[in-house]
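Position 1 is the first residue of the sequence, and the numbers go up from there. Order of listing sets the numbers, starting from 1, for every ligand and every atom in it.
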Amino acid sequence: MSDTVLYEVREHIAFITLNRPDVHNAQNPELLAALDDCWTRAAQDDDVKVILLQANGRNFSAGHDLAVPEDRKSDPFSNFDYKERGVAGQYLWEHAHYFEYSRRWRNNPKPSIAAVQGACIAAGLMLCWPCDLIVAADNAWFSDPTLMMGIAGVEYHGHTWELGPRKAKQMLFTSDRLGAQEAHSLGMVNEVVPLDELQDFALQLAQKVAEKDLFSLVMAKRVVNQTTDIMGQPAALQAGFDLHEMGHAQCLARSGGKTAVLTRDVAELRKKNTQS
Ligand code: ZN
């Protein structure tokens, strides 16, 4: 298994640890595939009762890796050769990977907890939002600046569900950061703890969950998830993804070859964000 994500089971807890601290846990396809494998492994292991997702380094995740791999030509946002496949290639790739990964993690039968410190930017949200509980360090902050790239939010539209319509719009319109305390007051985050207590607190929470009967936990998760399913969450998420792809298509049409158009130097902004 790739060392971009670490996996360990202790005391009925599956510890999944993002392990690219040198690049602020930026998500490349290798990391995402490894992460998805870990979630599946935890689901299939009868000994695991709860999943604890955490991150090595100062920041939880800086989002998708904007470094340009050789097979992506010059467009870091495109995962295919658009000249060959048009918009369909981008749509299908992002659906199978970004969108379905997050949905699959959300639908994992076992309870999950995310422990978040520092920056959680754009696709970083697609790692913690699918978790059932989120514990944030007091230095954690959350943002989705994808409007600055010509796109109406990340592939997984958790915003409205997590923050309510008004704050979701504010997050998207302004690209501003949402601090841990405000995220807590909106119900997006369960608990805020001092940074140096994050790991212990998340562990104790996981231990408390792991004391329970697994079948009861699975049913408890299911009753809440089914409620939001009945409220229309799956269809809304799919619609949100389609609008995200509309943004890529618009950029492609207007720019003559880029699936995202930077209205600011996002790479520079990210550098600044992950340093502060
Ligand atoms: Zn996209």
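Between the side chains of Asp200 and Gln204, no donor-acceptor pair of N or O atoms lies under 3.5 Å.
Ring geometry for His248 versus His244: interplanar angle over 60°, hence perpendicular rather than tilted (30 to 60°). Aromatic ring pairs are classed by plane angle as parallel below 30°, tilted from 30° to 60° and perpendicular above 60°; the pair His159 and His157 is parallel. Ring geometry, Phe99 versus Tyr156: the interplanar angle falls from 30° to 60°, so the pair is classed tilted.
Take the N/O/S atoms of Glu155: the one nearest the Zn ion (ligand 1) is OE2. For Glu94, the N, O or S atom with the smallest separation from the Zn ion (ligand 1) is OE1.
Vertex the Zn ion (ligand 1); arms to His244 atom NE2 and His248 atom NE2; angle 90° (nearest 10°).
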